[in-house]
Amino acid sequence: QVHLVESGGGLVQAGGSLRLSCAASGRTFSSYMLGWFRQGPGKEREFVAAITWSGGYTRYADSVKGRFTISRDNAKNMVYLQMNTLKPEDTAVYYCAADRKIATLDKLESLDEYDYWGQGTQVTVSS
């Protein structure tokens, strides 16, 4: 089992940057697939980015490709989301998620595949 806590959200102007962090408890962190999801005002939660247990493969939503970068540090039990060139439409609560059982790379984008979720951190991008 793993417990996730996000941090790093805040208010930023369009074009700015933020780095979200997600701290995980648990001795088997390195065996988990990790993802970032977001839920904007009045919207459903959506996939943002994911990374495999080794960090050797990453996947991004089309809306954030080239602007966001996901990374992990298994020695520190941390996963990060570097967000550059932020846009007002990136405004959302951002959630970190983890799971050990995701078997195929295409399932990294599916909310239903993740068993563990953080409480979320608010990101607001002003125009």
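The chain is numbered in sequence order, starting from 1.
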Check your understanding: Looking at side-chain heavy atoms only, is the closest gap between Ile51 and Tyr57 below 4.5 Å?
Key -> no
Review point. Is the gap between the ring centers of Phe37 and Phe47 under 6.0 Å?
Key: yes
Check your understanding: Which pair of heavy atoms, one from Ala92 and one from Gln122, lies closest together, and at what distance?
Key -> O-NE2, 3.4 Å
Practice item. Give the cluster check for Val125 versus Tyr60: same hydrophobic cluster or not, with ILVMFWY residues linked at side-chain heavy-atom distances below 4.5 Å. Key: yes
Exercise for review: Could you point out which residue of Leu11, Leu20, Val93, Asp90 forms a side-chain contact (heavy atoms from CB on, under 4.5 Å) with Val123?
Suggested key: Leu20
Practice item. Determine which pairs satisfy disulfide bond (SG atoms under 2.5 Å apart) with at least one residue from residues 26-69, sequence neighbours left out, and list them in order. Key: none
Review point. Is there side-chain contact between Leu108 and Asp106, with at least one heavy-atom pair below 4.5 Å?
Key: no
Review point. Is there side-chain contact between Leu81 and Phe68, with at least one heavy-atom pair below 4.5 Å?
Key: yes
Check your understanding: With hydrophobic residues grouped by side-chain heavy-atom distances under 4.5 Å, do Leu86 and Val64 end up in a single group?
Key -> yes
Point to revise | Heavy-atom pair with the smallest gap, counting every atom of Arg38 and Ser63 | key: NH2-OG, 3.5 Å
Review point. Backbone N or O of Thr85 within a donor-acceptor pair of the Arg67 side chain at under 3.5 Å?
Key: yes
Practice item. Take Met83 and Tyr94 through the test side chain to side chain contact (heavy atoms under 4.5 Å, CB included) and record every step on the way to the result. Key: CA-CA 11 Å; Met83 306 186 295; Tyr94 283 72; 3.9 Å; yes
Check your understanding: Who pairs with Lys65 by salt bridge (charged side-chain N to carboxylate O under 4.0 Å, His left out), at least two apart in sequence or on another chain?
Key -> Asp62
Point to revise | Over all atoms of both residues, closest heavy-atom pair of Ser21 and Trp36 | key: O-CH2, 3.8 Å
Check your understanding: Any disulfide bond (SG atoms under 2.5 Å apart) pairs touching residues 26-55, not counting sequence neighbours?
Key -> none
**Study point:** Pairs meeting criterion disulfide bond (SG atoms under 2.5 Å apart) with involvement of residues 60-94, two or more places apart
**Key:** none
Exercise for review: For Trp53, look at atom CH2 and say whether over 12 heavy atoms of other residues, nucleotides or ligands are found less than 6.0 Å away.
Suggested key: no
Revision key, fill the gap. So CG of Asn74 and OH of Tyr32: to nearest 0.5 Å the spacing works out to 12.5 Å
Check your understanding: Is Val79 close to Ile70 at the side-chain level, that is, under 4.5 Å between some pair of heavy atoms?
Key -> yes
Exercise for review: Is it possible for you to say whether Met33 and Leu111 belong to one hydrophobic cluster, with membership spreading through side-chain heavy-atom contacts below 4.5 Å?
Suggested key: yes
Practice item. Quick one: which residue pairs count as a salt bridge (charged side-chain N to carboxylate O under 4.0 Å, His left out) with a foot in residues 114-127, not counting sequence neighbours? Key: Lys101-Asp115
Study note, to complete from the structure: Here the disulfide bond (SG atoms under 2.5 Å apart) pairs for residues 19-127, sequence neighbours left out, are Cys22-Cys96
Point to revise | Asn77 (side chain) donor-acceptor with Gly26 (main chain) under 3.5 angstrom | key: yes
**Study point:** Salt-bridge present (Lys107, Asp112; N to O < 4.0 Å)
**Key:** no
Point to revise | Short side-chain to backbone donor-acceptor contact, Ser25 and His3, under 3.5 Å | key: yes
Point to revise | Pairwise side-chain contact, Tyr95 with Arg45, heavy-atom cut-off 4.5 Å (strictly under) | key: yes
Review point. Side chains of Gln82 and Ser71: does their closest heavy-atom pair fall under 4.5 Å?
Key: no
Check your understanding: Under 3.5 Å, side chain of Thr121 to main-chain N/O of Gly9, donor-acceptor pair present?
Key -> yes
Exercise for review: State, with a plain yes or no, whether a side-chain heavy atom of Thr28 is found less than 4.5 Å away from one of Arg100.
Suggested key: yes
Practice item. Return yes if some donor-acceptor pair links the side-chain N/O of Ser127 with the main-chain N/O of Pro88 below 3.5 Å, else return no. Key: no
Point to revise | Exam field: side chain Tyr114 to backbone Glu109, donor-acceptor pair closer than 3.5 Å | key: no
Exercise for review: Assess whether atom CD of Gln119 is packed by more than 12 heavy atoms of other residues, nucleotides or ligands within 6.0 Å.
Suggested key: yes
Review point. Is the shortest heavy-atom distance from the side chain of Thr52 to the side chain of Leu105 under 4.5 Å?
Key: yes
Check your understanding: Going through the checks in order, is the side chain to side chain contact (heavy atoms under 4.5 Å, CB included) test met by Asp99 and Glu113?
Key -> CA-CA 7 Å; Asp99 198 87; Glu113 295 293 327; 5.7 Å; no
Exercise for review: May I ask you to establish whether Arg19 and Tyr80 are in a cation-pi arrangement, using a distance under 6.0 Å from NZ or CZ to the six-membered ring centre and at most 45° from the ring axis?
Suggested key: yes
Revision key, fill the gap. The reported gap from CG in Leu34 to CG in Leu4 (rounded to nearest 0.5 angstrom) is 7.5 Å
